[in-house]
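These notes concern the structure reproduced below.
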There are 2 protein chains.
Amino acid sequence: MQEKAPLSEITASKLISYIVDNGFEQGQKLPNEKILCDILGVGRSTMREAVRMLCSRNILTVKHGSGIYIADNTGISDDPFGFIFVKDKLKLVEDLVEFRLMIEPRVAALAASRAKNKDIMELERLAQICEDTILANENHNKADSDFHNKLCKLSGNIILPKLEPMIIKSISVFIDLSNADYTQETIESHRAIVAAIKNKDAIAASDAMIFHLMNNRNFILKRLTSLSEQPQMPSDVNI
Amino acid sequence: MQEKAPLSEITASKLISYIVDNGFEQGQKLPNEKILCDILGVGRSTMREAVRMLCSRNILTVKHGSGIYIADNTGISDDPFGFIFVKDKLKLVEDLVEFRLMIEPRVAALAASRAKNKDIMELERLAQICEDTILANENHNKADSDFHNKLCKLSGNIILPKLEPMIIKSISVFIDLSNADYTQETIESHRAIVAAIKNKDAIAASDAMIFHLMNNRNFILKRLTSLSEQPQMPSDVNI
């Protein structure tokens, strides 16, 4: 198959070291292709292939006519756990919901303990946007995700904001949570979570999150049951 | 920079769809390069580049002289969250440990509720291997990781076994846990966790895990403090 050693892969690894060693930040521009070729001692076609590899891993991004940049959310792929290769998608969604129930009550408690007032005001604003979106009868998936992602940031733990968006996105591929039966609960629970965090009350924040996610889970399990009773899962799912 | 459209990237996406649609399993061999070219309607050099991209994302693996195979742990990259790009590695380790404390007590509880006897015997065997390794004064990082990874599998949740190896590996890059002060605790805690799971006692399993991870955390924080008092972090760290 591939007879020669994968020089492009070696170059991709060297490029990662170059980025890390030189402390490039996300959004920052790299030197141009010719200079990179000189630095790493490879030809243009190898460099291009290495850059493409790193683009596909969300480490770099190429803006045509402009140059090579460090990607936003550097190195976090769209599907870091290979969910697309999990065959039983119903089980996957159930487990994603179970996983949220493991981490998010604790996230809310940490946010209540650690968040600064400025950030809490920002969280409140995101809850309000989510509420307004729901009341305008628009799809609030993004607003809901923004709220939960912000909470993860407020926890102060740097792992959680990397993990949460991918979990929420994966669930929302299967389940439309903008159902009217469920949105009123979302509004009330988000308010309760914000109130507890404002009061720096970690236990109340955790409890409010458990209540929210249990409602969320019950709703999702009901939807999954009706999905599994259909002849087959939608074939165009794309986590 | 890259003038032409990245045909290799489009081909890589198509190849993923082909793998998913045809239900290829990990370790399974794909049709040969020529057939893949015919199926996706591209030339050999494009296909080779696409295959290399998917190798770098741990979706495919090429065995020279044999063919293209679906990789083990399909699609899970070595560093799915881009930890290599996190500048403050001390904070990263602290947060990884905090993260373990969020999920593993619950993992132990789920394992106590759900694990089958055959799997519990296997867990006990892994605890014994870890213990034997420690008593032989050998590095028990791998044996310890095998024990915790098995616990994640016993939880029945399919997200956890994808996440745990990466967390443990990232911590072990920085901290050598084979210190004599700490290994006796590991032996006793692993025994307590196994005993609770054998008794199907979820609360005892969770408590034993909290105790184990708190000891683990205290040990790691002490080591981190001494590391941060050194002039600089080791420069050859490689998560």
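So you know, we letter chains A, B, ... as the sequences are listed, proteins then strands, and number each from 1.
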If you tally heavy-atom pairs under 4.5 Å against chain A, which of [options] wins?
{"options": "B/Met47, B/Glu94, B/Arg114", "value": "B/Arg114"}
{"options": "B/Asn58, B/Ile59, B/Asp88", "value": "B/Ile59"}
{"options": "B/Gly156, B/Pro105, B/Ser155, B/Ala12", "value": "B/Gly156"}

Between [X] and chain B, which part of the residue has a heavy atom less than 4.5 Å away: side chain, backbone, both or neither?
{"X": "A/Leu36", "answer": "neither"}
{"X": "A/Lys87", "answer": "side chain"}
{"X": "A/Leu54", "answer": "neither"}

Return the minimal non-hydrogen interatomic distance between [X] and [Y], and the atom names on each side.
{"X": "B/Glu9", "Y": "A/Arg52", "answer": "OE1-O, 4.0 Å"}
{"X": "B/Asn157", "Y": "A/Phe99", "answer": "ND2-N, 4.1 Å"}
{"X": "B/Lys162", "Y": "A/Phe83", "answer": "CD-CE2, 3.9 Å"}

Q.
Quick check on the interface: out of A/Leu160, A/Leu110, A/Leu163, who has the most heavy-atom pairs with chain B under 4.5 Å?
A. A/Leu163
Could you check whether atom [atom1] of [X] has more than 12 heavy atoms from other residues, nucleotides or ligands sitting under 6.0 Å from it?
{"X": "A/Lys91", "atom1": "NZ", "answer": "yes"}
{"X": "B/Ile203", "atom1": "CD1", "answer": "no"}
{"X": "B/Lys200", "atom1": "NZ", "answer": "yes"}

(Q) B/Val86 and side-chain contact (heavy atoms from CB on, under 4.5 Å): which single residue from A/Ile159, A/Val20, A/Ile158 fits? (A) A/Ile158
(Q) Let me confirm one number: the CD-CE distance from B/Glu49 to A/Met53, rounded to the nearest 0.5 Å. (A) 7.5 Å
Q: For side-chain contact (heavy atoms from CB on, under 4.5 Å), just list the numbers for B/Met102 and A/Met102, CA-CA rounded to whole Å, side-chain angles, deciding distance to a tenth of an Å, and then say yes or no.
A: CA-CA 7 Å; B/Met102 276 185 210; A/Met102 276 184 208; over 6 Å; no
